[in-house]
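Everything numeric here is computed off the predicted structure, so don't read it as measured data. As a basis for the values below, the full set of heavy atoms in this structure was taken, side chains included, without hydrogen atoms, waters or symmetry mates. First listed ligand is number 1; within each ligand, the first listed atom is number 1.
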Amino acid sequence: MSLLSRLRARIATEGPIPFEEFMRAALYDIEGGFFAAAETIRSVRSGDFLTSPEVSDAFGAALARFVAREGERIGTSPVVVEIGAGSGSLLRSLLDTVEVPVTAWAVEVSAAARQVLADRIPEARVVADLADVAAPFAGVVIANELVDNLPMAIAQMTDRGWRERWVGADEGGLVLVDAPVRPEVARWLDRYAGAVPEGGMVECQLEAAEWLRRVLGMVSVGAVVVIDYGDTAENLLPRRQDGTLRTYRAHHLGPHPLDEPGATDITADVNFTALVDVARGAGAEVELWRQDDFLADLGVRDELTSLRRRELEAARAGDEMQRLRLRSRRTEIETLLHPRGLGDFRVLVARR
Ligand SMILES: C[S@@+](CC[C@H](N)C(=O)[O-])C[C@H]1O[C@@H](n2cnc3c(N)ncnc32)[C@H](O)[C@@H]1O
């Protein structure tokens, strides 16, 4: 039975379900979920979205420098855990360039991706679940474009105040239906939604908060690095009229999230203010960067300057092949730093 049919059957017996339960099924159902059931890897050039480590190995190399700095700070050789490791591009380039000894883990929900990870990164332990990672450990956890997929509730500001949007069904398919706001959702909205106008939609990222609390609890000393699209609660406010929930398929915005469960990525901008609060609440020291600034701090802009100079030298020397190679590398790095693209991602660093 298809995931859509199973969801319809469930709703027919139980009634409407909270949006986060729908999203959990659509992304993580073992038989029909977009990630868990995928037979291919979603985050590669031919896949559904292109992430920073797929654009350039300069991203993993920069994180390798971050890991080395952390190793120095904590005074031990760090454990590196990547959660949602995808095709392994980040971990591969990190391990290829890191200048301190590390022990690596890759956590990945997709069995197809785990197979690729095991082949591509034989020195890493590849596991399906966070619970499989030996903890507590001293080191660095990295999650790039993971938190935006963690299941979330949806609320809408109405003339009666906040209401939730749950998932029901009619003859045509799945539909959003009105539901009262649950107390934990109301508490999250009070703290992180801001002054949303009537009609405005907010994605309540309670599971992301729980995830970060759990991850921080696994790190005895070291850092958790969360990289994703999103912003502070305040800066997200102008995006609230329609909300930020969306789907991706084959590098383009996809259909409505309810239309083809299991066939599209469902995602929303990450509310980093909520994550900063969780990290501070767990006693961590927190930095919130833009990706372009974070990478610049790790030397990526210096590499760009050096590439420009070498490109010029190659042009003067008439070495066209070398000039093209250098230009291609420069273009990749410029993509990572693009102020309205990947450079506009946020990087939360929580240290303890
Ligand atoms: C957008 S891709 C990013 C992959 C990789 N981090 C990168 O930057 O290229 C998200 C990856 O996280 C995996 N994933 C999603 N939710 C997960 C979870 N809760 N635990 C572990 N892996 C997860 C997906 O299967 C997918 O491979």
Please confirm whether Thr51 comes within less than 3.5 Å of ligand 1 when only nitrogen or oxygen atoms on both sides are compared.
yes

Determine, considering heavy atoms only, which of Phe34, Tyr28, Tyr248 sits nearest to atom 16 (N) of ligand 1.
Tyr28

Are any of the N or O atoms of Pro53 closer than 3.5 Å to those of ligand 1?
no

Is the positively charged end of Arg125 above the ring of Phe137, judged by distance under 6.0 angstrom from the centroid and angle within 45° of the axis?
no

Counterpart residues, side chain to side chain donor-acceptor pair (under 3.5 Å), relative to Thr335 (two or more places apart)
none

Are Arg65 and Thr97 close enough that a side-chain donor and a side-chain acceptor fall under 3.5 Å?
no

Check whether any heavy atom of Leu90 sits under 4.0 Å from an atom of ligand 1.
no

Should side-chain heavy atoms under 4.5 Å link Ile, Leu, Val, Met, Phe, Trp and Tyr, which residues sit in the same cluster as Val221?
Ile74

Decide whether Asp228 and Asn144 meet the rule of one side-chain donor and one side-chain acceptor closer than 3.5 Å.
no

Does Leu146 approach ligand 1 within less than 4.0 angstrom via side chain, backbone, both or neither, non-hydrogen atoms only?
side chain

With only distance considered, is Gly84 within less than 3.5 Å of ligand 1 through an N or O on each side?
yes

Are the side chains of Val300 and Asp302 in contact, using a 4.5 Å heavy-atom criterion?
no

Do ligand 1 and Glu82 have nitrogen or oxygen atoms that lie under 3.5 Å from each other?
yes

Could a heavy atom of Trp211 be found less than 4.0 Å from some atom of ligand 1?
no

